[in-house]
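Read the structure below first, then the notes.
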Amino acid sequence: MRKFLLLSALSLSISAFSNLTIAQSLDDILQNYYEVIGDADDWARLGNLRMTGTALAQGFSIPMTMHQARPNKMRMEMDIQGQKMIQAFDGETAWGLNPMAGQTEPTKGTDEENKQSAAQSVFEDELVNYQEKGHTAQLDGTEEIEGTMCFRVALTKKDGMKMTYFIDQETYALVMYRTALDSGPMKGQAIESYLSDYQEVEGVMMPHSIEQKVSGMTMWKMVVDRMEANVDVSDDLFAFPKG
């Protein structure tokens, strides 16, 4: 009986030590990550953003302009063969205009699209200040991503959405993050966003190349030529057009 109690105590001690080590390792990794990309205070100093560049999709190179404003407002315009395509979110309502799909007037999004847009973070990723946001995170081992060994960090958002972040073991930059599509014909499939070409913008490091893949196939890629922070942007830019 005494031997059993000793073994149980030893097992509990090892388990507690293991959990402590994992927690410390995650804290160390994220601390290094924040030192590279900027911490919560650095990101809080970022105001409105304007990005100009090119979207690459299905063999087409499309001029693009994107505006973003806190907390999650967004408007992206693309010039496709002389026609303007718009995707926007004003903080409550997602809306868009897609002449290529036969739309001649702006159209409001569905309840599901509104929910998805509202859940997206505009500036910093969800790992920054994650505890204050109500999220939980844990170190989930390591994985090689396109030749780069990465720490794998599993994040569960406050709303239950799960994300996996892959942080370069050497540079501590975010290489890729993975989420699951929760609507549409490919519902349940993983969508992977690859981030590269980091450049400093008002004291934080932001990727200027973002490529999204599903099942290893590139769905679209955005290359930013210019990124401006704290620009003057009216709320009207994001609002669904009146009339």
Side-chain angles (χ1 to χ4, degrees), residues 23 25-53 64-76 87-92 116-139 150-159 161-179 191-212 222-235 237-238:
S25 297
L26 176 61
D27 288 343
D28 290 343
I29 291 166
L30 292 183
Q31 183 59 43
N32 287 324
Y33 176 56
Y34 300 148
E35 288 178 3
V36 170
I37 68 162
D39 60 23
D41 291 336
D42 294 327
W43 284 93
R45 285 191 285 270
L46 272 190
N48 302 329
L49 283 176
R50 177 167 57 226
M51 292 173 276
T52 54
M64 173 213 71
T65 301
M66 180 183 291
H67 287 86
Q68 296 178 320
R70 289 191 182 277
N72 53 7
K73 297 179 181 179
M74 184 276 297
R75 177 181 175 125
M76 180 170 63
Q87 292 181 341
F89 182 66
D90 64 6
E92 294 182 359
Q116 290 176 2
S117 297
Q120 293 179 3
S121 176
V122 167
F123 293 91
E124 73 277 6
D125 65 58
E126 298 292 357
L127 278 177
V128 177
N129 224 15
Y130 76 92
Q131 291 173 315
E132 285 72 12
K133 295 174 181 175
H135 309 333
T136 59
Q138 64 179 11
L139 184 58
C150 297
F151 297 109
R152 187 172 61 219
V153 179
L155 179 91
T156 302
K157 294 179 61 177
K158 184 178 180 180
D159 62 7
M161 179 181 178
K162 297 184 182 299
M163 305 177 69
T164 306
Y165 288 84
F166 298 87
I167 298 173
D168 190 321
Q169 290 185 351
E170 293 186 2
T171 67
Y172 289 95
L174 182 61
V175 174
M176 185 265 282
Y177 64 90
R178 181 184 294 145
T179 57
I191 181 168
E192 298 178 336
S193 299
Y194 292 79
L195 314 175
S196 60
D197 190 17
Y198 282 87
Q199 298 179 35
E200 184 177 350
V201 179
E202 294 293 329
V204 301
M205 298 298 290
M206 301 191 72
H208 283 52
S209 177
I210 302 174
E211 183 175 5
Q212 289 193 334
M222 179 175 71
V223 178
V224 178
D225 298 323
R226 186 179 184 188
M227 189 178 297
E228 304 165 89
N230 302 322
V231 296
D232 240 349
V233 179
S234 169
D235 283 345
L237 181 71
F238 306 101

Step by step, would you call V201 with H208 a side chain to side chain contact (heavy atoms under 4.5 Å, CB included)? CA-CA 10 Å; V201 179; H208 283 52; 4.0 Å; yes
After noting the C-alpha distance and the side-chain angles of Q31 and Y172, does the key distance pass the side chain to side chain contact (heavy atoms under 4.5 Å, CB included) rule? CA-CA 9 Å; Q31 183 59 43; Y172 289 95; over 6 Å; no
Checking F151 against L26 for the side chain to side chain contact (heavy atoms under 4.5 Å, CB included) test, could you report, in this order, the C-alpha distance in whole Å, the side-chain angles of both residues, the deciding distance, and whether it holds? CA-CA 9 Å; F151 297 109; L26 176 61; over 6 Å; no
Between D125 and Y33, is the side chain to side chain contact (heavy atoms under 4.5 Å, CB included) condition met? List the steps. CA-CA 12 Å; D125 65 58; Y33 176 56; 2.3 Å; yes
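For the pair R70 and F123, the distance from NZ or CZ to the six-membered ring centre is under 6.0 Å and the angle to the ring normal is within 45 degrees.
Q199 CD: more than 12 foreign heavy atoms inside a 6.0 Å radius. Residue E170 places its CD atom among 12 or fewer non-hydrogen atoms of other residues, nucleotides or ligands, all under 6.0 Å distant. A 6.0 Å sphere centred on CG of D232 holds no more than 12 heavy atoms belonging to other residues, nucleotides or ligands.
When side chains are defined from C-beta on, H67 does not count as touching N48, because their heavy atoms never get closer than 4.5 Å. Between M66 and M222, some side-chain heavy-atom pair lies under the 4.5 Å cut-off. A heavy-atom distance below 4.5 Å is not found between the side chains of K73 and V233. Residues I37 and W43 form a side-chain contact, since some pair of their non-hydrogen atoms from C-beta on lies under 4.5 Å apart.
Here the closest non-hydrogen pair linking A137 and L155 is CB-CD1, 4.0 Å. Closest of all the heavy-atom pairs between T164 and R152 is CG2-CG, 3.3 Å. The two residues N72 and A118 have their closest heavy-atom pair at ND2-O, 3.1 Å. When all heavy atoms are compared, the tightest approach of N230 to L46 is OD1-C, 3.5 Å. Taking every heavy atom of both residues into account, F89 and F238 meet most closely at O-CB, 3.9 Å. Scanning both residues, Q212 and S193, for their nearest heavy atoms gives NE2-OG, 3.2 Å.
Side chain of N32 to backbone of I29: no donor-acceptor contact under 3.5 angstrom is found. Distance alone, capped at 3.5 Å, is enough to place a donor-acceptor pair between the Y198 side chain and the L174 backbone. Here the side chain of D168 pairs no donor or acceptor atom with the backbone of A173 at under 3.5 angstrom.
Atom CE in M176 sits 11.5 Å away from atom CD in E211 (nearest 0.5 Å). Summarising the geometry, atom NZ belonging to K162 is positioned 12.5 Å from atom NE2 belonging to H135; distances are rounded to the nearest 0.5 Å. We find the CG-CE distance between D90 and M74 to be 11.0 Å, quoted to the nearest 0.5 Å. Rounding to the nearest 0.5 angstrom, the gap separating the OH atom in Y34 from the CG atom in D42 is 12.5 Å. Rounded to the nearest 0.5 angstrom, M206 CE and M227 CE are separated by 4.5 Å. Atom CG of residue L30 and atom CG of residue N129 lie 11.5 Å apart, to the nearest 0.5 angstrom.
Among K158, E124, K157, the one residue that satisfies the side chain to side chain contact (heavy atoms under 4.5 Å, CB included) test with K133 is E124.
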